[in-house]
Amino acid sequence: MNLIIAAIIGIAAIVLLIAVAKVHPFISLMVGSFVMAVCAGVPFDESWNSFTSGVGSTVSNVGLLIAFGSIIGTLLFASGGADVIVDTIMAKTPLQMLPWAMALIAFIVGIPMFFEVGVVILIPVVLFAARRAKAPVILLGISALAGLSTLHAFVPPHPGPLVAISALNANLGVTLALGLIVAIPTVIISGPLAARLMAKWVPIQAPEQEAEKEAVKDESKRPSFAQAMTVILLPVVLMLAASVVDLTEQTKSVWGRALVFIGTPLTALFITAVVAMVLLGFMQGRTREFINGEVGKSFASVAGIVFIVGAGGGFKQTLVDSGIGDVIAHSISESAMNPLFAGWLVAVLIRLATGSATVATVTASGIMVPLAAGMDPTHLALLVLAIGAGSVFFSHLNDAGFWLVKEYFGMSVTQTLKTWSLMETILSVVGLGCVMLLSLVL
């Protein structure tokens, strides 16, 4: 019971620091880990040991993947590759099908890009398309946001899924494959279908964007659609190929070992980053200095994410080493609660309290580690997805994404709750439903 109380106090400290005191999540997770360790009976002069160990292992496993993912996304954006994908799809789409086109564009662009980067890239396109179609901006905006948010919650190399995969020792390829399966119906329901209803509640038009008038883009220096798509899909193909080799037990053959090596997350993203430099950089006439500059910018954009993820790993390791995770897992197993639902529920509660999907994912995955010990690879992957679904439940005033969407679309707080917050809730519940259905057949 003392360990349960220690966990509650530690999590409460994190929640209060983030939600009430507005302290940065990195500091909050660090303080929460210290408080929890001391309350669990760890001597104060040894209270950082588990935390620093967890930070080191998480940054070495996940931090490098986030860095390479950021390089790929930054080069795709800077080269105009993302614009090519958007323009190509929109040019072949009737106006009445634009919500579906926006969801598809977001789905494709969202595979390698972080949510915030995807928003910055797609929102100007959404606003322009909505004005051209004379349609409510919510009709297209919610469709695009659903695609970005779904990929952010379910599909590596986004930080949340990577952290959960690392913490729970899940197979990345299996999680990636199942994540894409879950993402498709989730995007459809929470995006274009839900957007129809929301557009009637909030029938606002797209605000004018001065930056759009001033933007000048030289199409002759853009990569081709095939080049841009190659960069996006290459890591997916490499990781899925490695998983197929692993599942078919061909890992002892020479070609099998080679595929497994290049399909490991670190190698796959490293290869893709190099390919991105060539296809999106040198082949477009970019100089070495330009490419190096974009790589440097990509590191700056994710530094905060890496530290938050690392602190989350430290908090997770403190949970594991103190034995708190075992106690919580034992309580969940004794309650006969489905572990997939339990992982989703824990993530939901932390998400509502802190407003951070990443904090919700890393904390929930740490709590669920002992319960995951006996799971097969498929259900481990489904547990990762269940936690991911819970981590995006009902974005509200304590979430930076809430204010980002509100300001971009020029909505009031009430309008944002009726649209963005509701979309996130639908996404979370539908995602959980898809995970539970897959658990019945796999």
Side-chain angles (χ1 to χ4, degrees), residues 69 73 82 85-86 89 99-123 126 138-165 172 175-196 198 232-233 235-236 340 343-344 347-348 351 356-358 360-361 364 381-395 399 401-402 404-405 419-438:
I85 294 171
V86 170
I89 294 176
W100 296 89
M102 285 295 118
L104 176 61
I105 291 169
F107 192 95
I108 294 172
V109 172
I111 291 175
M113 288 189 179
F114 298 131
F115 176 79
E116 292 81 2
V117 177
V119 169
V120 171
I121 292 173
L122 285 186
I123 291 305
V126 169
I138 295 303
L139 186 63
L140 306 187
I142 288 297
S143 300
L145 291 170
L148 290 174
S149 188
T150 299
L151 272 293
H152 178 77
F154 294 133
V155 178
H158 292 279
L162 284 176
V163 170
I165 288 167
L172 189 143
T175 307
L176 174 60
L178 293 178
L180 290 172
I181 292 172
V182 169
I184 292 171
T186 302
V187 170
I188 290 172
I189 295 171
S190 63
L193 295 182
R196 284 179 167 274
M198 295 176 191
I232 286 179
L233 296 179
V236 178
L340 300 180
W344 178 83
V348 164
R351 160 70 160 178
S356 171
T358 303
T361 301
L382 291 176
L383 179 57
V384 170
L385 299 178
I387 291 172
S391 73
V392 295
F393 187 89
F394 193 72
S395 166
D399 177 18
F402 178 93
L404 185 67
V405 172
T419 53
W420 161 253
S421 300
L422 178 58
M423 182 274 288
E424 289 279 82
T425 304
I426 294 171
L427 190 161
S428 178
V429 174
V430 172
L432 174 66
C434 292
V435 167
M436 301 300 284
L437 286 175
L438 285 176

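- For the atom pair CE (Met423) and OG1 (Thr150), the distance works out to 7.0 Å, reported to the nearest 0.5 Å.
- Note that CG of Leu193 is 7.5 Å distant from CD1 of Ile188, once rounded to the nearest 0.5 Å.
- Side-chain contact between Leu438 and Leu385: absent, with no pair of heavy atoms (C-beta onward) separated by less than 4.5 Å.
- Put simply, OG1 on Thr175 and CD1 on Ile165 are 4.0 Å apart, with the number rounded to the nearest 0.5 Å.
- Side chains of Trp344 and Ser391: no donor on one and acceptor on the other come within 3.5 Å.
- Contact of the Phe154 side chain with the Val187 side chain is not registered, since no non-hydrogen atoms from C-beta on lie closer than 4.5 Å.
- Of the inter-residue distances, the one linking Leu151 atom CG with Thr186 atom OG1 reads 10.5 Å to the nearest 0.5 angstrom.
- Atom OG1 of residue Thr419 and atom CD1 of residue Ile142 lie 4.5 Å apart, to the nearest 0.5 angstrom.
- At least one side-chain heavy atom of Phe393 sits under 4.5 Å from a side-chain heavy atom of Val429.
- In this structure the side chain of Trp100 never reaches within 4.5 angstrom of the side chain of Ser143, judged on heavy atoms.
- From Ser190, atom OG reaches atom CD1 of Ile426 across 7.0 Å, with rounding to the nearest 0.5 Å.
- Under 3.5 Å, the side chains of Ser395 and Trp420 contain a donor-acceptor pair of N or O atoms.
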